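Everything below concerns the one structure shown next.
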Amino acid sequence: MVGINFSPMCVGCTLLGMASLATIVGLWTIQLLPLTQPPAEPWKEYRLPDMLVPDYYNITLWPRLQPNIYGLFVFTGESTVIFKCLRETDLILIHSNKLNLTSTDGYLAKLSALGTVVAPSIQKTWMQETTQYLVIQLKGKLKAGELYELYTEFVGELADDLAGFYRSEYDENGEKKIVATSQMHPTHARKTFPCFDEPAMRAVFYITLIHDRGTVALSNGMEIEKADTVLDGQPVTVTTFEPTKNMSSYLLALVVSDYTNITSANDTLIRIWARKKAIEDGHGDYALNITGPILKFFENYYSVPYPLSKSDQIALPDFYFGAMENWGLVTYRETNLLYDPVISSNANKERTATIIAHELAHMWFGNLVTLKWWNEVWLNEGFASYVSYLGADFAEPSWNVKDLIILKDVHRVFAVDALASSHPLSSEEKDIIKPEQINEQFDTVSYSKGASVLRMLSDFLTESVFVQGLNTYLTMFAYQNTVGEDLWNHLQTAVDKTGTVLPLRVKEIMDRWVLQMGFPVVTVNTTTGQVSQMHFLLDPESLLERSSPFNYEWIVPINWMKAEVEQSRFWLLEKTGFHNDMKTTGNEWVLVNLNITGYYRVNYDTENWERLLNQLTEKHEVIPVINRAQIVDDAFNLARAKIVPVTVALKTTKYLIKEREYMPWQSALNNLDYFYLMFTQTDVYELLQNYTKKQVTPLFEYFKSITEDWSRVPSSHTDQYNQVNAIRFACSTGVKECQNLTTGWYRQWMDQPNHNPIHPNLRSTVYCSAIATGGAEEWDFGWQMFKNATIAIEADKLMSSLACAKDHVLLKRYLEYTLDASMIRKQDATSIIVDIAGNPDGQTLAWDFVRKNWAYMFTE
């Protein structure tokens with residue numbers, strides 16, 4: 001356990017009873033706060049005023065798992081918040097949304113004082129729905145430095161909207177089961193109980209849950225007392241939990257279910273919770289086995305002990321995000337936590353490992369130390385995304401998963417960040433105030449670009465310096481809130497202590513990557529040694545409306561290789577520079593951005609492109625595998641941006657006829673998929689099919705050979721991925737042997753629905769291929785298997801594969817299903833529409849559907 005570090009700027013953690021300390025700290029804080037004139041009607045502002053801070057909450061909630069007489073599922077609750085007044089005020093604003101507050105003596109809340117002062121009487125209370133406040137106007141003023149208590153009673157709907165305290169449903173043995181669960185992040189705690197619902201408003205939460213007997217209640221803290229009783233004529237259990245650590249409201253978690261768990265108790269109690277059948281069938285075993293090692297890895301990485309008494313992780317049927325890092329009770333979609341060796345693929349296994357690592361990374365970075373406001377979401381999510389690869393690599397060292405960040409994050413976000421509509425990682429705090437603006441921050445740029453630039457930072461600092469700065473940052477700011485500059489300052493201190501040489505201070509370097517959108521393309525002329533940078537835009541003619549404080553120039557760390565020899569790092573500090581060592585003679589070639597440690601694309605003079613292409617043709621293994629993927633991806637995207645001819649891009653695929661590694665092939669397929677979408681209705685399509693069929697056939701034959709005619713699984717993790725690529729691409733380009741193989745396997749399954757002969761690794765691609773080449777019969781069978789699937793991972797594979805159909809009638813039907821929650825879960829509707837849009841035969845259909853139903857999709 002880590003003790004609380006008090007700070008003058010963090011007074012919410014003061015305990016009741018420490019009145020003298022509360023007064024001292026409160027008055028100290030008053031002196032440090034800027035004297036700003038409050039707005040005339042502060043309840044119309046989306047940000048809380050800085051007059052009050054919570055200390056702790058006492059909350060009791062009772063979710064009803066059966067509908068009431070009106071057919072609604074509801075929960076009832078009562079909440080007491082102890083808060084401190086920092087400045088005199090006659091107004092209390094506390095967040096409350098979609099709660100029916102009980103009126104007592106004509107007011108929606110009760111106020112009392114805890115010290116010797118008397119609380120002022122309430123003059124008026126009302127709900128300000130737009131800004132989601134309970135507004136309490138007082139007849140007198142709250143006094144600075146004093147503690148007060150605000151009590152509310154309320155009823156809320158236990159809706160199926162995946163927000164706040166909500167309802168999730170599933171079928172087990174023909175019986176409908178109800179789970180009451182929660183998603184407070186980012187602004188939904190206020191939908192569960194009245195609270196100061198901003199990240200900097202940290203507090204301690206005392207939670208009590210009332211629930212049906214036979215069900216289990218979980219929250220952030222360990223259960224410390226359970227008592228059976230009768231309330232309102234109903235036999236119930238009352239479960240009380242240990243108080244939480246001092247934390248933000250968005251990290252609170254509540255679950256009531258009839259789940260069971262498996263447990264591992266070493267230094268920390270670890271429990272994996274899921275449906276009883278899933279636990280009995282061993283689907284939680286893998287998560288349990290890797291959680292302990294990943295927690296230990298992060299304890300060592302941060303040099304800070306895990307701060308809680310237990311680590312619960314729970315798999316939910318309905319969940320909006322992939323997972324949520326609630327402190328001590330992490331919630332997941334079932335597909336992201338549960339692993340079934342019979343049905344799950346190696347990709348499912350990897351996803352489970354990396355998502356668990358992502359969420360556990362937050363236990364320190366995000367939970368122990370929390371960013372002050374949502375304008376810097378990227379630092380929280382980008383960091384967890386980056387180190388998730390490190391945690392997963394520790395748990396599964398044979399996978400070499402750290403390299404896969406290139407395909408899954410760097411290349412992925414390049415496609416978004418190269419648009420004129422992108423945005424900087426950090427925004428102005430004043431620009432992110434409404435709940436919808438906050439939600440918009442959780443995008444690919446925040447997660448994947450954040451991960452990419454932090455990986456770059458760790459590389460040029462060195463990992464040892466990076467983690468040294470992290471340790472002092474986490475230690476100094478434990479149980480407090482920070483801004484991004486605090487991290488830069490601690491990393492700079494580590495740089496200074498270790499004598500690490502940088503061209504500028506950490507903040508000056510990182511501001512260029514954080515405060516302006518996009519990234520550069522670095523162009524190297526190997527004849528003159530000139531190195532230059534330019535803001536890379538996929539559409540060079542797009543109108544760039546967002547200005548940059550740095551004129552779209554970056555401080556660029558350049559790791560590079562010359563004729564097979566790694567060279568010293570070079571820093572590009574201006575728009576154009578010269579580096580004589582980059583001049584070449586004869587057949588020498590230069591390769592820039594070694595292992596893609598930098599967040600930028602690379603272009604070369606024509607001669608160097610030719611020398612690199614020749615090297616790929618003659619002996620491609622000389623070029624590192626990550627950079628073979630880079631050469632392909634950079635060339636295709638530079639061609640799309642009209643910087644190099646399309647012929648350069650296509651030439652990078654010629655050598656693939658001899659390539660057997662996963663990363664270059666995946667890079668090529670990602671780019672060729674775009675070409676297929678663009679040329680599907682043109683004469684070029686058939687030429688492209690013939691060429692790619694020729695290139696992929698040797699890969700198909702290679703995997704047929706090493707798997708002994710598809711009878712065994714390749715030993716390497718990435719070979720298993722590339723086997724999927726070989727089958728997918730060979731079948732889609734018309735390799736007859738491949739199509740016969742996949743349709744044969746699928747037909748065997750159709751003939752014996754209770755016996756699926758297809759290996760879990762191959763199911764997604766086999767289902768897709770068979771449905772694409774088949775008709776209504778194959779699609780209807782896939783749909784029936786999807787509806788009958790009891791394992792979420794298998795349902796996901798079928799769900800995405802149904803979008804592979806070529807028949808417009810089937811695709812239109814599938815799109816319509818996304819509007820019906822009884823056919824498709826709300827959480828899955830967007831994925832299906834995206835999958836259909838990625839199908840050349842469904843692209844136009846999906847676009848028309850979205851335009852027609854946009855109003856419904858946006859509101860529902």
Side-chain angles (χ1 to χ4, degrees), residues 361 365-366 369 371-387 405 409-410 413-414 417 422-429 432 441 444-474 476-477 482-498 500-520 522 533 535-536 546-559 569-575 593 596-601:
F365 201 100
V369 178
L371 289 160
K372 176 186 172 186
W373 188 244
W374 302 108
N375 60 309
E376 294 187 303
V377 157
W378 80 269
L379 192 51
N380 194 20
E381 296 302 343
F383 182 86
S385 296
Y386 165 52
V387 299
I405 191 174
D409 286 286
V410 182
V413 74
F414 271 168
D417 206 23
S422 188
H423 62 85
L425 283 170
S426 282
S427 304
E428 292 284 343
E429 191 173 335
I432 312 297
Q441 299 306 296
T444 305
V445 170
S446 292
Y447 283 77
S448 295
K449 181 177 181 177
S452 303
V453 298
L454 288 170
R455 176 175 174 266
M456 177 175 68
L457 172 62
S458 177
D459 178 74
F460 69 69
L461 292 181
T462 71
E463 186 177 51
S464 62
V465 174
F466 185 68
V467 297
Q468 184 176 324
L470 280 178
N471 169 255
T472 60
Y473 169 81
L474 291 170
M476 174 169 283
F477 295 111
T482 61
V483 294
E485 192 170 334
D486 293 321
L487 179 60
W488 302 154
N489 291 339
H490 279 262
L491 292 173
Q492 185 62 50
T493 300
V495 165
D496 296 340
K497 283 185 177 179
T498 57
T500 302
V501 178
L502 295 176
L504 295 167
R505 296 182 66 80
V506 171
K507 180 181 184 303
E508 292 178 87
I509 296 171
M510 294 308 295
D511 277 354
R512 303 291 184 106
W513 300 97
V514 171
L515 300 181
Q516 60 183 349
M517 72 178 192
F519 57 90
V522 171
Q533 60 169 296
H535 182 197
F536 179 77
R546 188 188 293 270
S547 61
S548 160
F550 304 105
N551 200 30
Y552 289 109
E553 292 181 20
W554 290 263
I555 306 298
V556 187
I558 296 179
N559 296 333
R569 179 182 293 119
F570 163 67
W571 286 89
L572 182 60
L573 304 179
E574 298 173 342
K575 191 173 183 66
N593 204 8
I596 319 185
T597 51
Y599 184 70
Y600 54 90
R601 293 200 180 278

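Note that this is a predicted model, so its numbers are computed, not measured.
With sequence neighbours excluded, no residue forms a salt bridge (charged side-chain N to carboxylate O under 4.0 Å, His left out) with R455. The ring-ring contact (aromatic ring centres under 6.0 Å, His included) search around H490 returns F477, not counting sequence neighbours.
In this structure, Y600 contributes its side chain and P557 its backbone to a donor-acceptor pair below 3.5 Å. When atom types are taken as modelled, the side chain of W554 and the backbone of L573 share no donor-acceptor pair closer than 3.5 angstrom. Between the side chain of E376 and the backbone N or O of S426, no donor-acceptor pair lies under 3.5 Å.
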Residues Y473, F365; criterion ring-ring contact (aromatic ring centres under 6.0 Å, His included); working and verdict:
CA-CA 10 Å; Y473 169 81; F365 201 100; 5.7 Å; yes
- Task: Test H535 against E553 for side chain to side chain contact (heavy atoms under 4.5 Å, CB included), laying out the working first.
- Result: CA-CA 7 Å; H535 182 197; E553 292 181 20; over 6 Å; no
- Determine, stepwise, if the pair D409 / Y386 fulfils side chain to side chain contact (heavy atoms under 4.5 Å, CB included). CA-CA 9 Å; D409 286 286; Y386 165 52; over 6 Å; no
- Task: Would you sort out whether L461 and L491 count as a side chain to side chain contact (heavy atoms under 4.5 Å, CB included), showing the intermediate values?
- Result: CA-CA 9 Å; L461 292 181; L491 292 173; 4.2 Å; yes
Worksheet item: Should T597 and N559 be marked as a side chain to side chain donor-acceptor pair (under 3.5 Å) after you check the CA-CA gap, both sets of side-chain angles, and the distance that decides it?
Response: CA-CA 8 Å; T597 51; N559 296 333; 2.8 Å; yes
Between V483 and D486, does a side chain to side chain contact (heavy atoms under 4.5 Å, CB included) hold up when you go through it step by step?
CA-CA 6 Å; V483 294; D486 293 321; 3.6 Å; yes
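Residues L487 and L379 have side chains in contact (heavy-atom distance under 4.5 Å, counting atoms from C-beta outward). R569 has its side chain out of reach of I558: every pair of non-hydrogen atoms, C-beta onward, lies at least 4.5 Å apart. Considering only heavy atoms from C-beta on, L502 comes within 4.5 Å of F460 through its side chain. By the 4.5 Å heavy-atom criterion applied to side chains, W571 and L504 are not counted as neighbours. Side-chain contact between F383 and L470: present, with at least one pair of heavy atoms (C-beta onward) separated by less than 4.5 Å. Taking the side chain as every heavy atom from C-beta outward, S452 and V410 approach each other to under 4.5 Å.
Put simply, CG on N551 and CZ on R512 are 9.5 Å apart, with the number rounded to the nearest 0.5 Å. Distance check: R505 CZ to I555 CD1 gives 14.5 Å after rounding to the nearest 0.5 Å. Atoms CZ and CD, on F550 and E508 in that order, are 9.0 Å from each other to the nearest 0.5 Å. Note: H423 NE2 to S446 OG = 5.0 Å, rounded to the nearest 0.5 Å.
For CD of E574, the number of neighbouring non-hydrogen atoms (other residues, nucleotides, ligands) closer than 6.0 Å is 12 at most.
In plain terms, the two heavy atoms of S427 and Q441 that are nearest each other are OG-OE1, 3.7 Å. Between G598 and N593 the shortest heavy-atom distance is N-OD1, 2.8 Å. Here the shortest heavy-atom pairing between M517 and K449 reads C-NZ, 3.9 Å. The two residues V556 and P520 come nearest to each other via the heavy atoms CG2-CG, 4.2 Å. Taking both residues in full, the closest heavy atoms of Q533 and Y552 are given as OE1-O, 4.4 Å, listed atom of the first, atom of the second, then distance. Here the closest heavy-atom approach between residue V387 and residue A361 is recorded as CG2-CB, 3.5 Å.
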Which atom pairs, one a donor and one an acceptor, fall under 3.5 Å between side chains of residues 462-469 and the rest of the protein, sequence neighbours left out?
| unit_1 | atom_1 | unit_2 | atom_2 | d |
| --- | --- | --- | --- | --- |
| T462 | OG1 | S464 | OG | 3.4 |

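Considering L454, V445, L371 in turn, L454 is the only one that fulfils the side-chain contact (heavy atoms from CB on, under 4.5 Å) rule with W378.
Side chain to side chain, D417 and Y599 meet the donor-acceptor criterion of an N or O pair below 3.5 Å. Inspection of the Q492 and D496 side chains reveals an N or O donor paired with an N or O acceptor under 3.5 Å.
No close placement of the F536 and F414 rings is indicated, their centers lying 6.0 Å or farther apart.
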